[in-house]
Amino acid sequence: MLSVQGFDVNSLTPSQRQAVNHKEGALLVLAGPGSGKTRVITQRVAALINSGVRPSNICAITFTNKAADEMGQRIRASTQGGYGVHISTFHSLCMRILRQYPDETGIKSNFSIYDDRDQVSSIKEAIKYCQVDVTNYTPAKMLGVISRFKNDLTRSGDISQETSDYFSQIAGRIYAAYDKVLARNNAMDFDDLLLKAAFLLQEHPEVRQQLSERFRYLLVDEYQDTNHAQYQIAKGLALAHGNICVTGDPDQSIYRWRGADIANILAFEKDWPDAVIVKLEENFRSSGKILSLADRLISVNTKRKEKSLIATRPEGDDVVIKAYDDAEKEARGVAERIRELIETGVDLNEIAVFYRVNSMSRPIEEAFVAEQIPYQVVRGMEFYSRKEIRDVLGYLKLIVNGADNAAFMRAIGTHPRGIGKTTIDRLAEYASGRMISLYEAAGAATSIEMIAKPTGAKLVSFYNMIEGFKKVADSGVGAVIESVFAESGLEASLRADGEKGQSAVENINELITSAAKYDSQAQEGSLLDWLQMIALYSDSDAYDAEVAKVSLMTLHVAKGLEFDNVLIIGLEEGLLPHERSSVSDDELEEERRLFFVGITRARNNLNIYHAKYRMIRGQFLRTIPSKFLYEIGYNPQASYESDFADDFDDDDSQIDGTSTEKFRVNELVCHSKFGTGRVKEFLDLGPNSIVVVTFNTGETKSLMVKYAKLTRAAR
DNA sequence: GTGAATCATCTTTTT
DNA sequence: GATGATTCAC
């Protein structure tokens, strides 16, 4: 009855059937969690194919590569010849489009795709070039600003140097400089893929025409998490025929910080006035008790279209909510709970642990190791961001794209080779003077006056080595990596590095194996194709749902997945909701949706934990239970008071021997870390009094008086 | 000029 | 508590 995998049309609800059978024109599927949304999309694609539409005329866009793979498998399972359907993420689709139209965009198709670390080094260069105060314009901040510009399809030239405020002017200049750095390196960041594709469609009607002839039916999953650029791309692709189907749930929008705009759902009805709207409100996934908890939580959000969650399953087990003393005990509690579940015959791959930030996986992992519970951490880019892997990729990117200075720096710095900072600085000076890449400059290094002849010879031999690799590149990706690894000196340097080097060697061997696999599967895969593919491939895509292991992941990664048993940890103020997101009501509502997403992943069994103390930035701090706990109808205070004294009173006096002070509202205070601030609220709880302070940095923090070491500001 | 060692900084979420 | 920038010793 619950089988979401099944494809028996007769088992569809009337709404689902309506969505599947609506083949021409615009369709908006508003679907709650567990409503069989992905099933509807998949079946709709199958229905299109079975009614005679050529698979290659269908384009389905998913949120992750993993989701794309799964959808592909399901479509192939339920159709004959479902192979030609284009299924990918927005980013992968845009990459392909950009490679297809180099003349229209002026982008050479061997571009590098920059990940976050390449971006940081590029933005640093841009900031330096602009000669602005580094403390006000930090790399992370500027990358965030630029990313928002790009996602809103604002180009650096669009930012007025006259009418904008001072910060925007500077940001605009840094944005322009950053663009120049990327262009010089023949590189694109993730946002560029979207932005350039969006403008390609906007400014070249003939391209738009060709693409809408190719993709006569467009489907977009997780539409609530599309940003403006993605919205324009989808609109542009469907403009000619209007066959566009999108599915989404505003209550599951958790990427607002990345530019996702729920307004896209509202705009859909305006853009496509004839759009049919289908609502899927029945939930086939979660037990009644889990669902009513989720409903209670999400109802607190005020900026939301009222939508009901209709349970179709029995009430089920009680949701377990528990407090532990600290993160270690919480982790042990998780492990114990999982042991219990295993004893009742639960499969390991039907258990997942969710948390707000990646660093929270560590105590859990330690507990699992101690308890011998097999697990997999599903993380963003774990494998490809390993140092040794990035080193190898540096060489490979340089082989494909000699203009990529970041790749040059990475490759030349993998291990000591007698070329140091001074030489690189001089090389960079020479290269920028002649408007050539570092790589080209290295090839001519012996004729650079500032560089000593023996050092210059080393640079030239590095250049010749890379040139040599180019010849190997035709014989397959695996082969290139093998020769790069052996001949660059990287292998020798790692092998001389003991145990640590040994594991690095193993990782690179794993890379070679996967590349060789790619060689044998891809029909005409080149090194360039492979590089651009893995740049958009994250480790969460490698997550294996079949393997007998418990899954650990952030709440963001959990979106779109489901498990029989779910454990969510760290329900504490500052963590969930996260302190960086608690500034505005909108952000708080997004945190609430994030928790909602986590809860609604669970089919049968849900466990929610929080710790009374947690190590934050190296400090052991007493926590405040998350307001979300109260919102789901649970009073954490009781568990806090009961055993607080036994466990911690002794330590308390050692942490801070001073007696509890009483602060008045509006009083000026000083904190060793956060600086000065003004008391906003004082909760007199005797020795456990809490003071809420708005600091001059703009942050508002709730602090336990006895730990915070607040002093009254003299004045 | 190079490479190791120390010091300081910051710490959300992801394609 | 990791990563990067800077200093320091050869």
Side-chain angles (χ1 to χ4, degrees), chain A residues 61-68 88-95 113-117 119-121 124 134-135 138-141 143-144 147 150-151 188-195 197 222 225-227 229-230 253-260 354-360 362-363 378-382 384-385 387 413 415-426 450-452 454-455 458 493 532-541 553-560 570 574-583 587 590-591 593-595 597-598 615-619 673 697:
Chain A
I61 298 172
T62 56
F63 196 71
T64 63
N65 292 300
K66 173 76 183 167
S88 74
T89 61
F90 267 108
H91 286 86
S92 297
L93 176 66
C94 291
M95 183 197 79
I113 297 174
Y114 272 10
D115 61 22
D116 44 0
R117 287 166 81 165
Q119 286 184 51
V120 169
S121 62
K124 278 183 183 166
V134 196
T135 50
T138 60
K141 206 169 172 182
L143 281 176
S147 176
K150 287 186 176 176
N151 287 330
M188 310 246 260
D189 62 22
F190 287 121
D191 300 320
D192 278 334
L193 294 170
L194 302 177
L195 175 127
E222 308 282 11
D225 282 322
T226 54
N227 58 38
Q230 292 166 327
S253 162
I254 53 174
Y255 283 93
R256 221 181 62 102
W257 55 274
R258 210 173 79 182
F354 303 152
Y355 36 79
R356 179 69 220 308
V357 296
N358 281 304
S359 61
M360 290 169 74
R362 182 178 295 181
V378 188
R379 209 185 308 247
M381 289 284 289
E382 201 184 19
Y384 291 110
S385 61
K387 184 184 174 296
H415 54 94
R417 47 161 56 94
I419 298 165
K421 191 178 178 302
T422 318
T423 307
I424 295 295
D425 284 347
R426 291 180 178 164
M450 290 295 290
I451 294 172
T455 316
K458 283 178 190 157
S493 135
Q532 292 185 342
M533 181 195 77
I534 63 156
L536 300 179
Y537 197 86
S538 73
D539 245 28
S540 51
D541 302 322
M553 65 189 81
T554 63
L555 287 158
H556 283 89
V557 171
K559 188 177 82 159
L575 214 45
L576 186 62
H578 197 274
E579 60 174 345
R580 297 276 289 254
S581 292
S582 308
V583 188
E587 286 170 319
E590 175 143 321
E591 293 289 303
R593 290 194 294 269
L594 192 55
F595 187 32
V597 165
M615 191 79 101
I616 294 159
R617 293 196 263 274
Q619 272 189 308
K673 267 229 159 67
T697 53

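Below, read A as the first sequence line, B as the second, and so on, with proteins coming before strands; counting in each chain starts at 1.
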Listed pairs, N/O of protein and of nucleotides 5-7 of chain C, under 3.5 Å:
{"from": "C/dA5", "atom 1": "OP1", "to": "A/K124", "atom 2": "NZ", "distance (Å)": "2.7"}

Closest nucleotide among B/dT13, B/dT2, B/dT14 to the A/T423 side chain: B/dT2
Rounded distance in Å - CG (A/L143) to C1' (B/dT12): 15 Å
Gap between atoms CE and P, on A/M533 and B/dT15 respectively (whole Å): 15 Å
Residue whose closest nucleotide on DNA chain B lies nearer the 5' end, A/T554 versus A/T455: A/T455
Distance in angstrom units between A/Y355 OH and B/dT12 P, rounded: 16 Å
Candidate pair A/L594 and A/H578, rule side chain to side chain contact (heavy atoms under 4.5 Å, CB included), full reasoning: CA-CA 11 Å; A/L594 192 55; A/H578 197 274; over 6 Å; no
Sugar-phosphate only, base, or nothing, as touched by A/F90 at under 4.0 Å among non-hydrogen atoms: nothing
Whole-Å gap separating P (B/dT14) and CD (A/E222): 15 Å
Residues which pass side-chain hydrogen bond (donor to acceptor under 3.5 Å, both in side chains) with A/S253, listed by chain and number, not counting sequence neighbours: none
Contacts under 3.5 Å, N or O only, protein and nucleotides 3-10 of chain B:
{"from": "B/dG3", "atom 1": "OP1", "to": "A/G418", "atom 2": "N", "distance (Å)": "3.4"}

Side-chain heavy-atom pair A/Y255, A/E222 within 4.5 angstrom cut-off: no
Nearest to side-chain heavy atoms of A/R356, which nucleotide of B/dT12, B/dT14, B/dT2: B/dT12
Proximal nucleotide (of B/dT15, B/dT14, B/dT2) relative to the A/T64 side chain: B/dT15
Gap between atoms CG and C1', on A/L594 and B/dT12 respectively (whole Å): 10 Å
Residue A/T422, side-chain heavy atoms: nucleotide from C/dG4, B/dT14, B/dT2 that is nearest: B/dT2
Sugar-phosphate, base or nothing in reach of A/R256, heavy atoms under 4.0 Å: nothing
Rounded distance in Å - CG (A/N65) to C1' (B/dT15): 8 Å
For atom CZ of A/F190 and atom P of B/dT14, their distance in whole Å: 12 Å
Nearest-Å distance for atom pair NE2/P, residues A/H556 and B/dT13: 9 Å
Side-chain touch A/K150/A/L194, heavy atoms, less than 4.5 angstrom: no
Test item: A/I113 and A/L536 side chains (from C-beta on) under 4.5 Å apart, heavy atoms: yes
Phosphate contact (B/dT14 OP1 or OP2) by A/N358 side-chain N/O below 4.0 Å: yes
Proximal nucleotide (of B/dT14, B/dT12, C/dG1) relative to the A/W257 side chain: B/dT14
